[in-house]
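The first residue of the sequence shown is numbered 1, and numbering continues consecutively from there. Side-chain atoms are counted along with the backbone in the values below, which use heavy atoms only and exclude waters and symmetry mates.
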Amino acid sequence: LTRVHVDLWITESSDLAVAATLANLVQVDGRVQIGHPELTDLSPLGCLEQTEWLLVQGTPQLVDASLPALRVASWVEL
C-alpha cells in the first residue's frame, strides 16, 4: 500500500499492529490524524511524503515524531 485516497486516522481504538502495515505509505490524499496513547514513534509513517494535513495529538508516550520523508503538507500540528 503506497497511497490512500481518503483520510487516515490512527486513534486509541486502532490496532498498532495494523498501523505498522503502513510502512510503505507514500501519499495520503486527505488528512492524517494520529492520536493513540500507546504510540511511541511515527515509524509506521516513515515513508510518508505527502498529505493534505497532519495532526498528532493524544500521544503522551510519543518520544520520536520524526517523519524523514515528509515533503508536502499544507498544515502540520504536533
If you measure from [atom1] on [X] to [atom2] on [Y], what distance do you get to the nearest 0.5 Å?
| X | Y | atom1 | atom2 | value |
| --- | --- | --- | --- | --- |
| L54 | R31 | CG | CZ | 12.5 Å |
| L78 | L55 | CG | CG | 8.5 Å |
| T2 | E49 | OG1 | CD | 10.0 Å |
| L67 | I34 | CG | CD1 | 7.0 Å |
| S66 | L45 | OG | CG | 11.0 Å |
| Q57 | Q33 | CD | CD | 5.0 Å |

Hey, is the main chain of V28 close enough, under 3.5 Å, to the side chain of H5 for a donor-acceptor pair?
-> no
Indicate yes or no for a side-chain donor-acceptor contact from D7 to the backbone of G30 under 3.5 Å, with no hydrogens or angles considered.
-> no
Which pair of non-hydrogen atoms, one from [X] and one from [Y], has the smallest distance, and what is that distance?
| X | Y | result |
| --- | --- | --- |
| S14 | H36 | O-NE2, 3.1 Å |
| E12 | P37 | CB-CD, 3.5 Å |
| A69 | G46 | CB-O, 3.5 Å |
| A65 | L62 | CB-CD2, 4.0 Å |
| A19 | I10 | CB-CD1, 4.2 Å |
| V56 | T59 | CG1-OG1, 3.7 Å |

Take atom CD of E52 as the centre, draw a 6.0 Å sphere, and report whether it contains more than 12 heavy atoms from other residues, nucleotides or ligands.
-> yes
Which is it for L1 and T21 under the side chain to side chain contact (heavy atoms under 4.5 Å, CB included) test, yes or no, and what are the steps along the way?
-> CA-CA 8 Å; L1 179 68; T21 65; over 6 Å; no
Given side chain to side chain contact (heavy atoms under 4.5 Å, CB included), test D64 with L42 step by step and report yes or no.
-> CA-CA 7 Å; D64 183 358; L42 299 180; over 6 Å; no
[X], [Y]: one ILVMFWY side-chain cluster at the under-4.5 Å cut-off?
| X | Y | result |
| --- | --- | --- |
| V26 | V4 | no |
| L70 | V32 | yes |
| V76 | W9 | no |

Evaluate the side-chain proximity of L48 to L22: yes if any heavy-atom separation is below 4.5 Å, no if none is.
-> no
Residue pairs fulfilling ring-ring contact (aromatic ring centres under 6.0 Å, His included) with at least one residue in residues 46-78, sequence neighbours excluded | W53-W75
